[in-house]
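Report on one structure; see the data block that follows.
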Amino acid sequence: MRLSGRFWPTLRDAPADAEAVSHKLMVRAGLVRQLASGLYSFLPFGLRSVHRVTAVIREEMDRIGAQEFQLPVMHPAEIWEATGRYGLDEQFRLEDRGGRAMVLGMTHEEIITWHAAREIRSYRDLPQSWYQFQTKLRDEPRPKSGILRVREFTMKDSYSLDADEAGLARSYEAHAEAYARIFDRCGLEWYMVESDVGMMGGMGAHEFMAPSPAGEDTIARAPSGAYAANVELATSVAVDPDFGPTPASAEAFATPGIGTIDELAVFTGLPAGRLCKSVVVVSDDGPVLALVRGAHALHEKKLSHVVGRHRPAQPDEIRAWFGAGPGSLGPVGVEGVRIVADATIATGHYVTGANRDGEHLRGVVLGRDFDAELADIRTVLAGEGCPVSGEPLELEPVIEIGNIFKLGTKYSDPLGATYLAADGQERSIVMGSYGIGPARVLAAAIEQSHDDAGIVWPKALAPFDVHIVLVGEAASPQAAFADALYAQLSDAGLAVLLDDRDGTKPGEKFVEAELLGCPIRLTIGKRTLPDGPLEVQVRRGRERNDVPLHGAAAAIVALLGQVR
RNA sequence: CGGGACGUGGCGCAGCCUGGUAGCGCACCGGCUUUGGGUGCCGGGGGUCGCCGGUUCGAAUCCGGCCGUCCCGACCA
């Protein structure tokens with residue numbers, strides 16, 4: 001592409017409200033513009049990169065035998081009612097002119113399953129893998145970080161249909177391998193981690209995570225790679241404090257004005273791990289007292305797996321149930337309240353609230369002084385033991401770029417997607433679903449690969465392979481040479497951008513080229529002719545790699561093959 | 001949904017506290033200059049100061065309400 005006359009708006013400054021590096025650079029480099037909160041337009045150069053990721057994804061999906069569909073974005077509400085997913089908070093809902101309830105799709109399990117229910121009849125029709133690139137709409141409570149968390153975005157979503165769980169396992173594995181190839185080809189650093197099934201429901205899930213400080217998720221990971229999981233479900237071997245001898249009985253003591261774990265630790269001189277944190281929530285079935293060590297944080301999502309939906313308790317509710325304020329709560333002598341303790345509480349003896357203001361108990365022992373259900377409800381801390389290898393776990397912020405779910409029959413049952421097995425029995429199709437956010441892949445690549453001058457695109461994602469900066473006027477010999485080289489490189493199959501703008505200063509061209517970040521930049525000016533060499537800059541590291549004029553095109557093709 | 005901040009030409013910002021009718025840099029247009037790292041000089045165009053209402057002789061500035069955007073938390077395939 002010749003740049004002159006084309007639309008490529010770059011910015012010297014990033015918008016004031018951009019925070020994430022990828023957000024700033026995508027806007028500055030003229031790839032995207034914001035329409036409203038969580039709504040972004042891709043501009044021509046940004047769209048070129050989108051096309052490149054989607055091409056990689058499409059190739060790898062096709063390679064595992066998946067077939068491409070295109071499903072509607074707007075759906076009748078009844079299908080979502082059938083699976084119990086109508087009315088979710090983040091679901092956009094509307095009515096057609098006849099008053100019929102419609103939804104805008106946040107994902108397409110229901111629609112795929114609806115089609116499968118109509119078309120798949122026999123085990124001979126299975127397995128199938130169906131995919132699409134389609135717009136998803138989600139009324140996010142808080143769009144953020146540029147393109148990382150938005151209300152409308154394109155997703156590659158695929159769905160596997162199998163006769164049984166063994167088949168699902170094969171489809172799942174095929175997708176995991178395809179995803180590995182996709183993210184490798186895109187030049188990303190990534191991990192596959194165990195993940196929570198969330199609103200998808202189902203039997204198991206993994207997420208593909210690109211490490212980045214801009215990430216919204218956190219994973220716990222053993223340095224050897226023996227274990228990696230989203231902290232939403234990560235487990236660990238906790239480090240026990242030195243409890244000393246266990247007292248024969250619990251004993252009350254005065255703690256005037258003490259309300260927090262920090263204050264209690266200072267007051268008692270004990271490490272936070274020997275204190276017991278008491279958190280009161282209200283579930284659909286009534287009040288719940290959740291207990292974790294003072295050094296630990298309660299994980300809401302893990303608690304949800306035990307007690308279901310819940311909300312924090314109000315101070316007046318707490319006083320009614322416990323007879324004390326939030327600063328002096330504990331499990332001893334409590335009646336009519338469900339008590340869930342983190343598994344670590346089963347070891348040792350603790351200081352807890354006495355359920356009398358300004359008073360605590362020491363030497364409190366689970367099983368002797370109170371009873372509780374045991375569960376994993378704490379957030380893993382960095383340095384705690386890996387459940388597989390025992391290594392100290394590391395916590396790392398990550399961007400979720402893909403996920404894979406074993407759905408089982410969660411959707412096929414309610415929507416009647418069944419087939420006739422070889423034995424003549426009617427069975428439900430066993431399903432999986434698999435997502436990738438192409439725009440997130442781009443943002444993650446930029447987060448992981450940039451420098452002070454701008455984006456450093458992995459070659460698979462760059463809008464162009466080669467960016468030629470022409471220093472010289474339109475009628476000059478340099479321009480003629482640039483034209484010739486442009487034609488040769490294009491003929492060799494490369495995507496080439498020729499900055500042939502007249503009246504744009506060389507300095508500006510260089511700065512903009514580095515902002516955009518294509519893998520190779522060529523500079524053609526007076527120094528180039530007649531004898532060369534041709535000045536070549538590899539964007540990653542900004543190294544010079546000059547080549548002789550003779551055979552320059554072939555040398556550049558070869559060089560491109562070597563860069564990441 | 002809770003907490004915080006911001007909203008002034010396309011972008012980045014000052015002015016607001018202490019009311020007197022809008023300014024700077026970049027970008028843009030014209031001229032000259034310059035042609036290997038956002039060139040230099042000269043001259044221009046462009047803003048109902050987010051919206052509505054109130055106070056006042058007078059509001060970008062003070063007060064109230066609303067809207068928008070961002071950040072932290074909650075939430076989130």
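Letters go in sequence order (proteins before strands), and every chain restarts at 1.
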Report all interatomic pairs (protein N or O, nucleotide N or O of nucleotides 41-46 of chain B) with separations under 3.5 Å.
none

Give each protein N/O atom lying under 3.5 Å from an N/O atom of nucleotides 1-7 of chain B, with the pair distance.
none

Listing time: all N or O pairs from protein to nucleotides 23-29 of chain B that are below 3.5 Å?
unit_1, atom_1, unit_2, atom_2, d
B:rC26, O3', A:Arg12, NH2, 3.4
B:rC26, O2', A:Arg12, NE, 2.9

Write out a two-atom table: protein N or O, nucleotide N or O from nucleotides 33-36 of chain B, distance below 3.5 Å.
unit_1, atom_1, unit_2, atom_2, d
B:rU34, O2, A:Lys505, NZ, 2.6
B:rU34, N3, A:Lys505, NZ, 3.4
B:rG36, O2', A:Arg527, NH2, 2.9
B:rG36, N1, A:Glu535, OE1, 2.9
B:rG36, N2, A:Glu535, OE1, 2.4
B:rG36, N2, A:Glu535, OE2, 2.6

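Computed from coordinates, the A:His310 NE2 to B:rC75 P distance equals 8 Å when rounded to whole Å. What separates CG of A:Asp89 from P of B:rA74 is a distance of 17 Å, to the nearest Å. For the pair A:Trp8 CH2 and B:rC11 C1', the computed distance is 16 Å after rounding to whole Å. Note: CD (A:Glu90) to P (B:rA74) measures 16 Å, nearest angstrom. The distance from atom CD of A:Glu207 to atom P of B:rC76 is 13 Å, rounded to the nearest whole Å.
Separating the C1' atom of B:rC13 from that of B:rC49 is a span of 14 Å, rounded to the nearest Å. Spacing between B:rG50 and B:rU61 at atom C1', rounded to whole Å, works out to 16 Å. As rounded to the nearest Å, B:rC29 and B:rG10 have C1' atoms that lie 14 Å from one another. The gap from the C1' atom of B:rG64 to that of B:rU55 amounts to 11 Å, rounded to the nearest Å. Between B:rU48 and B:rG40, the two P atoms lie 31 Å apart (nearest whole Å). Comparing B:rC63 with B:rC75, their C1' atoms are spaced 35 Å from each other, to the whole Å. When the P atom is compared between B:rC72 and B:rC66, the two are found 25 Å apart, to the nearest whole Å. Atom C1' of B:rC62 sits at a distance of 14 Å from the matching atom of B:rG20, rounded to the whole Å.
If A:Val511 and A:Asn403 are placed on RNA chain B by their nearest nucleotide, the residue sitting closer to the 5' end is A:Val511. Between A:Arg542 and A:Asp217, the residue whose closest nucleotide on RNA chain B is further toward the 5' end is A:Arg542.
For A:Lys144, a side-chain nitrogen or oxygen approaches OP1 or OP2 of B:rC72 to under 4.0 Å.
Pairing of B:rU69, defined by two Watson-Crick or G-U wobble distances under 3.5 Å, is identified with B:rA5. Both distances falling under 3.5 Å, in either a Watson-Crick or a G-U wobble arrangement, occur for no nucleotide opposite B:rG47. Nucleotide B:rC16 is matched to nothing when pairs are restricted to Watson-Crick or G-U wobble geometry with both distances under 3.5 angstrom. Here B:rC62 sits opposite B:rG54 as a Watson-Crick or G-U wobble pair (both hydrogen-bonding atom distances under 3.5 Å).
Of the charged side-chain nitrogens involved, at least one lies within less than 4.0 Å of a carboxylate oxygen, so that A:Arg521 and A:Glu514 count as a salt-bridged pair. In this structure, A:Glu109 pairs ionically with A:Arg85, as a charged nitrogen and a carboxylate oxygen lie closer than 4.0 Å. A:Glu512 and A:Arg501 are joined by a salt bridge, as a carboxylate oxygen and a charged side-chain nitrogen come within less than 4.0 angstrom of each other.
Here the closest heavy-atom approach between residue A:Met209 and residue A:Asn230 is recorded as CE-ND2, 3.6 Å. Summarising the geometry of A:Asp342 relative to A:Ile377, their closest heavy-atom pair is OD1-N, 2.9 Å, with the distance given to 0.1 Å.
Residues from residues 27-45 of chain A placing a heavy atom under 4.0 Å of any atom in RNA chain B, listed by number, are A:Gln34, A:Ala36, A:Ser37.
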Please tabulate, one pair per line, all N/O donor-acceptor pairs under 3.5 Å involving side-chain atoms of residues 434-455 of chain A, not counting sequence neighbours.
unit_1, atom_1, unit_2, atom_2, d
A:Tyr434, OH, A:Ser160, OG, 2.7
A:Arg440, NE, A:Leu148, O, 2.9
A:Arg440, NH1, A:Glu400, O, 2.9
A:Arg440, NH2, A:Leu148, O, 3.1
A:Glu447, OE2, A:Ser22, N, 2.9
A:Glu447, OE2, A:Ser22, OG, 2.7
A:Gln448, OE1, A:Glu189, N, 2.9
A:Gln448, NE2, A:Glu189, O, 3.0
A:Gln448, NE2, A:Pro211, O, 3.0
A:Ser449, OG, A:Val456, O, 2.5
A:Ser449, OG, A:Arg540, NH1, 3.0
A:Ser449, OG, A:Arg540, NH2, 3.4
A:His450, ND1, A:Ile446, O, 2.9
A:His450, ND1, A:Glu447, O, 3.3
A:Asp451, OD1, A:Ala453, N, 2.9
A:Asp451, OD1, A:Gly454, N, 3.2
A:Asp451, OD1, A:Arg539, NH2, 2.8
A:Asp451, OD2, A:Arg539, NH1, 2.8

Can you give the donor-acceptor pairs under 3.5 Å from side chains of residues 523-530 of chain A to other protein atoms, not counting sequence neighbours?
unit_1, atom_1, unit_2, atom_2, d
A:Thr528, OG1, A:Gly525, N, 2.8
A:Thr528, OG1, A:Gly525, O, 3.1

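The cationic atom of A:Lys156 (NZ for Lys, CZ for Arg) does not lie both less than 6.0 Å from the six-membered ring centre of A:Phe133 and within 45° of the ring axis.
At a cut-off of 3.5 Å, with distance as the only test, no side-chain donor of A:His206 or A:Tyr179 sits close to an acceptor on the other residue. Judged purely by distance below 3.5 Å, without hydrogens or angles, the side chains of A:Asn545 and A:Gln537 never pair a donor atom with an acceptor atom. When only modelled atom types and interatomic distance are considered, A:Tyr191 and A:Glu396 share a side-chain donor-acceptor pair under 3.5 Å.
Across B:rG12, B:rU69, B:rC76, the shortest atom-to-atom separation from the side chain of A:Ala16 is found for B:rG12. Checking B:rC75, B:rG38, B:rC70 against the side-chain heavy atoms of A:Asp17 singles out B:rC70 as nearest.
Remark: A:Asp413 engages no residue in a salt bridge (charged side-chain N to carboxylate O under 4.0 Å, His left out) (not counting sequence neighbours). Looking at residues two or more places apart in sequence or on another chain, you find a side-chain hydrogen bond (donor to acceptor under 3.5 Å, both in side chains) between A:Glu300 and A:His310. Considering only residues two or more places apart in sequence or on other chains, A:Lys136 meets the side-chain hydrogen bond (donor to acceptor under 3.5 Å, both in side chains) condition with A:His108, A:Asp157. By the side-chain hydrogen bond (donor to acceptor under 3.5 Å, both in side chains) test, A:Glu140 pairs with A:Arg149, sequence neighbours left out.
Residue A:Glu78 holds its CD atom at 8.0 Å from CE of A:Met102, rounded to the nearest 0.5 Å.
Heavy-atom contacts from other residues, nucleotides or ligands closer than 6.0 Å to CD of A:Glu317 number more than 12.
Within the structure, salt bridge (charged side-chain N to carboxylate O under 4.0 Å, His left out) contacts touching residues 18-34 of chain A (residues at least two apart or in different chains) do not occur.
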